[in-house]
K.L.:
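There's a structure below that I have some questions on.
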Protein chains: 2
Amino acid sequence: MGLREVKRERTRRLIADKAFELFSDNGFGRTTVEQIAAAAEVGPSTLYRYFPTKEGLVLEFVDDCLADAVDWFHQQPAMHLPDGLRAVIERVLEQLERNPERIRAVFDLAEQTGSVSAHLNELIWRFRTDLADELVRRLPTDDPRRSEFVAALSAGIAMNIIETVVRVWVDTPDTVEAKALARRAMRLLCTGGVPLPGAQDA
Amino acid sequence: MGLREVKRERTRRLIADKAFELFSDNGFGRTTVEQIAAAAEVGPSTLYRYFPTKEGLVLEFVDDCLADAVDWFHQQPAMHLPDGLRAVIERVLEQLERNPERIRAVFDLAEQTGSVSAHLNELIWRFRTDLADELVRRLPTDDPRRSEFVAALSAGIAMNIIETVVRVWVDTPDTVEAKALARRAMRLLCTGGVPLPGAQDA
DNA sequence: AGTCATATGGTAGTCACTACCAAAATCTTA
DNA sequence: TAAGATTTTGGTAGTGACTACCATATGACT
């Protein structure tokens with residue numbers, strides 16, 4: 001790896017770190033990108049070469065985790081769908097757990113700031129569609145409509161579990177591990193602990 | 001109702017209609033709020049008194065539909081949760097179906113424009129949390145943690161069904177009705193047609 | 001050292017959005 | 001209906017995110 005890439009990596013990290021620092025000190029809305037650029041000792045135009053938007057500064061890590069999980073799943077061999085879903089869910093949580101403070105910071109910012117929350121939800125939505133695309137490849141092709149429908153619903157359920165687990169997890173002092181929560185969620189769903197709409201009995 | 005409110009209502013509709021017109025003609029990104037204000041023959045400051053953001057112009061109808069459904073559910077008597085979930089889902093779809101062209105336009109814009117999609121997802125997320133708050137009131141209070149968890153997952157599932165159904169519905173020539181799709185989704189979920197993650201058999 | 005590719009900082013500009021104020025329209029009451 | 005109170009409106013000035021563009025600086029290669 002040449003010096004160029006080393007520097008690029010360093011600058012990128014520096015910008016993101018300074019950004020989180022300023023956001024947590026002064027709040028997202030009361031921090032300007034100029035201030036971030038100044039703190040990282042780069043020009044604003046450089047900052048925008050690294051990050052697409054102010055919100056992107058916050059969400060890059062989450063984006064990477066989700067993208068990684070989709071890639072990873074893409075390379076997995078064929079397996080039964082329930083196992084596959086469980087595997088992606090756990091993969092995402094493992095990725096996120098690599099940096100718990102960052103995740104907490106992200107969700108704190110999202111809770112306080114509408115535009116961050118919106119971009120986060122957008123990210124999540126994209127993950128869901130990517131996952132659905134991946135799932136549909138593993139479903140029978142005789143009735144494409146049905147398979148797309150099933151894939152979309154399945155991806156939604158996986159996403160739902162991840163999202164719910166993470167939200168609980170970030171609000172919890174670090175005694176709980178995300179994967180245990182996820183397993184609990186899956187058990188609740190499979191055993192009827194969570195009521196499915198339209199089911200005959202409660 | 002005084003003349004004031006009549007005019008307010010008229011102006012509000014006029015602005016939104018002109019906005020959709022311009023967006024569909026020139027695209028969201030290539031339309032400025034000044035142009036919209038000019039087309040509706042009001043000043044930009046007036047436009048901003050009616051709508052919070054450019055995206056809000058697009059999403060007001062969806063927002064109203066979701067808000068209505070939460071309100072409506074809030075007033076419903078106690079019922080078994082599966083029936084309740086089914087009821088909210090159908091209520092939302094009924095509301096949305098009141099104005100199919102608008103919904104299609106909204107989702108078209110969301111597909112083309114990131115910021116619209118982000119705001120839409122944000123709206124959906126808020127609906128999900130509101131619904132979860134409502135559900136938790138109807139669950140046992142002996143283990144609040146568990147009830148919150150179940151409520152969040154249930155609300156997510158309901159939202160998932162609504163979202164999936166609507167996305168299919170807007171892409172479909174109007175031969176299909178949303179409620180029928182929703183019932184199909186519910187049946188798939190309850191009968192194991194959709195694989196639940198971690199289930200023992202596929 | 002010299003040349004090439006890329007990274008950087010700065011400038012100028014667009015546009016969404018806010019705060020504020022004076023004028024116009026509507027409502028109220030005598 | 002006239003006068004006053006209240007709400008609605010349009011305009012001005014400004015902030016800040018973001019883009020396009022260009023000249024300069026910096027690391028890469030021979």
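Reminder, nothing fancy here: chain letters follow the sequence lines and each chain counts from 1.
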K.L.:
Of the options C/dG9, D/dT9, D/dA17, whose atoms approach the side-chain atoms of B/T46 most closely?
P.N.:
D/dT9
K.L.:
Please list, chain by chain and in numerical order, all residues satisfying side chain to side chain donor-acceptor pair (under 3.5 Å) with B/E122, sequence neighbours excluded.
P.N.:
A/S117, A/N121
K.L.:
Could you work out which one of C/dC27, C/dA16, C/dG10 sits closest to the side chain of A/R49?
P.N.:
C/dG10
K.L.:
Can you tell me if the side-chain N/O atoms of B/K7 get under 4.0 Å from OP1 or OP2 in C/dA25?
P.N.:
no
K.L.:
Among C/dC27, C/dG10, C/dC17, which nucleotide sits nearest the side chain of B/L3?
P.N.:
C/dC27
K.L.:
Grab the CG-P distance between A/L47 and D/dT19 for me, whole Å please.
P.N.:
12 Å
K.L.:
Heavy-atom nearest nucleotide on DNA chain C for B/F28 versus A/P44: which residue maps closer to 5'?
P.N.:
A/P44
K.L.:
Determine, for A/W125 and B/R167, whether the Lys NZ or Arg CZ falls below 6.0 Å from the six-membered ring centre while staying within 45 degrees of the axis.
P.N.:
yes
K.L.:
Over how many whole Å does the gap from A/R10 atom CZ to C/dA7 atom P extend?
P.N.:
15 Å
K.L.:
Rounding to an integer number of Å, can you tell me how far B/I15 CD1 sits from D/dT8 C1'?
P.N.:
12 Å
K.L.:
Just checking A/Q35: base, sugar-phosphate only, or nothing, at a heavy-atom cut-off of under 4.0 Å?
P.N.:
nothing
K.L.:
Measure from NZ or CZ of B/R13 to the centre of the six-membered ring of B/Y50, then state whether that distance is under 6.0 Å and the direction lies within 45° of the axis.
P.N.:
no
K.L.:
Rounded to whole angstroms, how far apart are CG on B/L14 and C1' on D/dT9?
P.N.:
15 Å
K.L.:
How do A/S45 and A/E34 order along DNA chain D: which one's closest nucleotide is nearer the 5' end?
P.N.:
A/E34
K.L.:
Figure out the CZ/P separation between A/F51 and D/dA17, and round it to whole Å.
P.N.:
15 Å
K.L.:
Cation-pi check, B/R12 to B/F51: give yes when NZ or CZ is under 6.0 Å from the six-membered ring centre and within 45° of the ring axis, no otherwise.
P.N.:
yes
K.L.:
Ignoring hydrogens and angles, tell me if any N or O in the side chain of A/N160 forms a donor-acceptor pair with the backbone of B/L153 under 3.5 Å.
P.N.:
yes
K.L.:
Output all residues satisfying side chain to side chain donor-acceptor pair (under 3.5 Å) with B/E94, sequence neighbours left out; order by chain, then residue number.
P.N.:
B/K179
K.L.:
Would you mind telling me which residue lines up with the more 5' stretch of DNA chain C, A/V42 or B/T31, judged by nearest nucleotide?
P.N.:
A/V42
K.L.:
Scan B/E5 against the nucleic acid and name what it touches under 4.0 Å (heavy atoms): base, sugar-phosphate only, or nothing.
P.N.:
nothing
K.L.:
Can you tell which of C/dC15, D/dG16, D/dC18 lies closest to the side chain of A/T32?
P.N.:
D/dG16
K.L.:
Name the closest nucleotide to the B/K54 side chain, picking from D/dT8, C/dA16, C/dA7.
P.N.:
C/dA16
K.L.:
Tell me: CG of A/L57 to C1' of D/dA17, nearest whole Å?
P.N.:
12 Å
K.L.:
Of the candidate nucleotides C/dA7, D/dA17, C/dG10, which contains the atom at the shortest distance from the side chain of A/R8?
P.N.:
C/dA7
K.L.:
Please check the phosphate of D/dT9 (OP1 and OP2 only) for any side-chain N or O of B/Y50 closer than 4.0 Å.
P.N.:
yes
K.L.:
Check every atom of C/dA25, C/dC15, D/dG10 against the side chain of B/R4 and return the nucleotide holding the closest atom.
P.N.:
C/dA25
K.L.:
Rounding to a whole Å, what distance do you find between B/L22:CG and C/dA16:C1'?
P.N.:
16 Å
